[in-house]
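The structure appears right after this line, and notes come after that.
Throughout, protein chains are lettered first and strands after them, A, B, ... in sequence-line order, and every chain is numbered starting at 1. All values derive from a computational prediction rather than experimental measurement.
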There are 2 protein chains.
Amino acid sequence: MPDLTALETAFETAGHRLTRPRRALAELIEARDGAFSAADLVADAQGRRLGIGRATIFRAIELLEEIGALERIDLPTGEHAYVPCGPAHHHHVVCRRCSRSVEIGDLGLGALARDIARKTGYRIDVHRLELFGLCPDCQLASVPA
Amino acid sequence: MPDLTALETAFETAGHRLTRPRRALAELIEARDGAFSAADLVADAQGRRLGIGRATIFRAIELLEEIGALERIDLPTGEHAYVPCGPAHHHHVVCRRCSRSVEIGDLGLGALARDIARKTGYRIDVHRLELFGLCPDCQLASVPA
DNA sequence: CGTCCAATCGAGACTGTGTATCACTTGGTT
DNA sequence: AACCAAGTGATACACAGTCTCGATTGGACG
């Protein structure tokens with residue numbers, strides 16, 4: 001059973017069935033190459049008449065999130081988006097135009113969080129850093145001068 | 001017209017009318033002393049039979065956010081919460097039990113963002129850092145040993 | 001390779017958050 | 001006191017995400 005994409009493999013290695021809808025969704029997500037909303041995925045699936053139900057799409061997203069193959073991003077608008085990623089602790093830089101994103105490592109944030117814990121007295125369990133801007137391509141495209 | 005709370009003052013100085021519903025909401029928010037959801041505020045208002053419409057509550061939250069007197073927090077659960085704050089750039093540490101929160105300054109994050117921009121080639125416009133954990137009080141309360 | 005069943009699915013009802021509309025009210029200015 | 005733009009409440013609406021349930025299926029096992 002070769003030719004499994006990263007997300008398909010993620011389903012399998014986490015001990016979940018590799019069903020037809022899940023394969024199709026993995027493909028759609030990987031074809032997007034960047035952050036996407038649940039609505040994007042629903043639209044993609046409907047557009048290709050794959051016959052995949054809305055609930056299945058939300059369930060797949062939820063599952064991939066639990067597995068750690070997908071992470072939820074909170075856009076500045078308040079909407080949710082999801083971006084494929086590896087399981088290690090990291091953060092994302094998301095292009096606000098094309099939604100392509102890159103992972104960045106911890107970059108000293110863990111130490112910063114400890115520092116903040118010490119100063120505030122809080123015990124910090126979770127931190128989230130998200131950065132938004134323009135990717136190199138979109139910078140070029142938006143500076144016609 | 002003395003005795004204006006911080007949020008009431010925020011409405012006024014931003015050039016908006018200080019109406020009865022807005023005063024009441026400012027009071028409710030300040031009484032909460034921490035992060036709250038829109039639903040919390042709706043419940044508070046209904047509980048006190050203030051006769052304030054749902055739409056008015058959402059409009060007040062939106063307005064306070066524009067003014068910079070309130071900031072939206074994206075909880076790890078995906079829900080939205082709001083926390084009163086000053087207009088300067090800062091971040092929040094939120095207690096996941098009691099929702100009380102403290103502001104922290106930039107703490108070198110601006111420099112970190114520039115560093116990330118250089119490494120990734122992205123032009124970074126917005127960054128958001130949110131930290132969640134237990135405040136000192138809730139740590140005490142949850143360690144009965 | 002056929003059986004089997006727990007995992008999964010699709011359809012559609014439902015909940016909750018947030019927005020839009022519109023006729024009515026009111027703060028605050030003159 | 002009069003005026004009117006800003007604001008309000010009721011209500012309908014749009015959309016994200018969840019739940020239920022009967023039907024389907026992946027893949028394990030013989």
When the distance from [atom1] of [X] to [atom2] of [N] is rounded to whole Å, what number comes out?
X     : N      : atom1 : atom2 : result
A:I52 : C:dA11 : CD1   : P     : 11 Å
A:E66 : C:dA7  : CD    : P     : 14 Å
B:R59 : C:dT25 : CZ    : C1'   : 13 Å
B:R54 : C:dA20 : CZ    : P     : 14 Å
B:I57 : C:dG16 : CD1   : C1'   : 15 Å
A:L63 : D:dG17 : CG    : C1'   : 16 Å
B:L41 : C:dG18 : CG    : P     : 12 Å
B:F58 : D:dC15 : CZ    : P     : 17 Å

*Do any of residues 74-84 of chain B sit with a heavy atom less than 4.0 Å from DNA chain C, and if so which?*
B:H80, B:Y82

Counting distance only, does the side-chain N/O of [X] pair as donor-acceptor with the main-chain N or O of [Y] below 3.5 Å?
X     : Y     : value
B:H92 : B:I73 : no
A:D40 : A:S37 : yes
A:H80 : B:G78 : yes
A:E65 : A:Y82 : no
B:R22 : B:R17 : yes

_Strictly by salt bridge (charged side-chain N to carboxylate O under 4.0 Å, His left out), give each pair with a member in residues 98-108 of chain A just once, sequence neighbours left out._
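Residue pairs passing salt bridge (charged side-chain N to carboxylate O under 4.0 Å, His left out), neighbours aside: A:D33-A:R100, A:R100-A:D137.
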
_Can you tell whether the side chains of A:R32 and A:D44 come within less than 4.0 Å, N to carboxylate O?_
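Salt bridge: yes.
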
Tabulate atom names and distances for all N/O pairs under 3.5 angstrom spanning the protein and nucleotides 26-29 of chain D.
residue, atom, partner, partner atom, Å
D:dG26, N2, A:R17, NH2, 2.8
D:dG26, N3, A:R17, NH2, 3.4
D:dG27, OP1, A:L18, N, 3.0

*B:I29 vs B:T5 side-chain heavy atoms within contact, under 4.5 Å*: no

*Closest contact, heavy atoms only, B:A6 versus B:E30*: N-OE2, 3.3 Å

*For A:R22, which contact category applies under a 4.0 Å heavy-atom criterion: base, sugar-phosphate, or nothing?*
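Sugar-phosphate only.
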
_Applying a 4.0 Å non-hydrogen cut-off, can you work out what B:A38 is touching in the nucleic acid: base, sugar-phosphate, or nothing?_
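Answer is sugar-phosphate: B:A38 comes under 4.0 Å of backbone atoms only.
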
*Which of these nucleotides, D:dA10, D:dA16, D:dC19, is closest to any side-chain atom of A:A39?*
D:dA16

